[in-house]
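Below is one structure, written out as structure tokens; comments come after it.
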Amino acid sequence: MARQFVVECKRLTASSKTWNYIAQYVDAGIRRFISEAHGYGKDASSGAMVGYLQNMEVDAAVTDVNAHASANGLPSLTVRVRSVSAPVELDHRLVRPFRDSPFLLMHFWTRVT
């Protein structure tokens, strides 16, 4: 038997004139773990997202991601581990239309230049 652990990666930075990175983190990231069409991790009880913080502070990113998630009927992220030198760890419990639900979506945010 094979098992998959799905990891999705996205940038977290201020919007450009043509791209909203926070919206993409939620819509083309988090939602793919809920969407039947995408089915990310549909046979698993957990998965992960890596967020690359670029020119954005952790608090601003958490606020913006949670606001966009809430506006789309998704629960908020919960900060699990916050460190200056290590990645920030956040958790998300998602109700999904798949057998393994609720689903633990772990988020690991790291700073990049």
Side-chain angles (χ1 to χ4, degrees):
M1 179 195 284
R3 280 282 194 206
Q4 280 188 328
F5 185 81
V6 178
V7 178
E8 174 72 17
C9 302
K10 297 282 184 221
R11 285 174 64 192
L12 288 164
T13 190
S15 297
S16 70
K17 291 180 183 178
T18 59
W19 200 255
N20 183 328
Y21 292 93
I22 299 298
Q24 288 301 308
Y25 189 88
V26 175
D27 299 336
I30 296 169
R31 293 190 70 75
R32 289 183 180 185
F33 288 91
I34 300 169
S35 162
E36 289 185 83
H38 287 96
Y40 280 21
K42 72 178 182 177
D43 293 323
S45 59
S46 63
M49 285 194 62
V50 175
Y52 300 107
L53 288 165
Q54 195 171 34
N55 299 320
M56 181 172 246
E57 293 302 317
V58 171
D59 290 337
V62 170
T63 298
D64 292 353
V65 167
N66 281 342
H68 194 79
S70 178
N72 286 278
L74 299 173
S76 295
L77 294 152
T78 303
V79 177
R80 181 169 28 101
V81 175
R82 185 178 178 134
S83 171
V84 174
S85 59
V88 176
E89 298 177 25
L90 307 100
D91 287 338
H92 217 175
R93 291 269 178 204
L94 303 171
V95 175
R96 307 180 328 149
F98 309 119
R99 177 176 47 104
D100 287 308
S101 184
F103 182 80
L104 172 61
L105 184 57
M106 296 170 279
H107 300 257
F108 301 93
W109 293 356
T110 189
R111 287 181 174 77
V112 295
T113 55

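Position 1 is the first residue of the sequence, and the numbers go up from there.
Taking each heavy atom of Asp43 and Arg99 in turn, the nearest pair found is OD1-NH2, 3.9 Å. When all heavy atoms are compared, the tightest approach of Phe33 to Phe98 is O-CE1, 3.7 Å. Nearest heavy-atom pair across Tyr25 and Gly51 is CE1-CA, 4.0 Å. Closest heavy-atom contact between Phe103 and Gly47: CZ-N, 3.2 Å. Considering all non-hydrogen atoms of both residues, Arg96 and Ser101 come closest at N-OG, 2.8 Å. The shortest non-hydrogen separation linking Ala69 to Pro75 is CB-O, 3.9 Å.
Proximity of Trp109 to Val62: side-chain heavy atoms (C-beta onward) are separated by under 4.5 Å at one or more points. The closest side-chain heavy-atom distance from Asp64 to Met56 is below 4.5 Å. You'll find the side chain of Met106 reaches within 4.5 Å of the side chain of Arg80, heavy atoms only.
Put simply, the side chain of Thr63 gets close to the backbone of Asp59: a donor and an acceptor are under 3.5 Å apart.
Clustering of Ile, Leu, Val, Met, Phe, Trp and Tyr side chains at separations under 4.5 Å leaves Val95 isolated, with no partner residue. Counting side-chain heavy-atom gaps under 4.5 Å among Ile, Leu, Val, Met, Phe, Trp and Tyr, Val81 is found in no cluster with other residues.
The stretch residues 76-97 participates, sequence neighbours left out, in these ring pair (Phe, Tyr, Trp, His ring centres under 6.0 Å) pairs: His92-His107.
Note that CZ of Arg93 and CG of Leu105 are 10.5 Å apart. Values are rounded to the nearest 0.5 Å. Distance check, rounded to the nearest 0.5 Å: CG of Leu12 to CG of Asn55 gives 12.0 Å. With values rounded to the nearest 0.5 angstrom, Asn20 atom CG is found 6.5 Å from His68 atom NE2. To the nearest 0.5 Å, atom CZ of residue Arg11 and atom CD1 of residue Ile22 are 11.0 Å apart. Arg32 contributes atom CZ, which lies 16.0 Å from atom NZ of Lys42 (distance to the nearest 0.5 angstrom). The distance from the CD1 atom of Ile30 to the CG atom of Leu77 is 5.5 Å, given to the nearest 0.5 Å.
When hydrophobic clusters are built by joining Ile, Leu, Val, Met, Phe, Trp and Tyr residues whose side-chain heavy atoms come closer than 4.5 Å, directly or via intermediates, Val65 is not grouped with Val7. Hydrophobic clustering of Ile, Leu, Val, Met, Phe, Trp and Tyr side chains at less than 4.5 Å, counting indirect connections, keeps Leu90 apart from Val50. At a threshold of 4.5 Å between side-chain heavy atoms, the hydrophobic network of Ile, Leu, Val, Met, Phe, Trp and Tyr places Trp19 and Val26 in two separate groups. In the hydrophobic clustering of this structure, Tyr40 groups with Leu74; members are Ile, Leu, Val, Met, Phe, Trp, Tyr whose side-chain heavy atoms approach within less than 4.5 Å, directly or through other members.
Within 6.0 Å of the CD atom in Gln4, the count of heavy atoms belonging to other residues, nucleotides or ligands does not exceed 12.
We find that Lys10 and Asp27 are not joined by a salt bridge, their nearest charged nitrogen and carboxylate oxygen being 4.0 Å or further apart.
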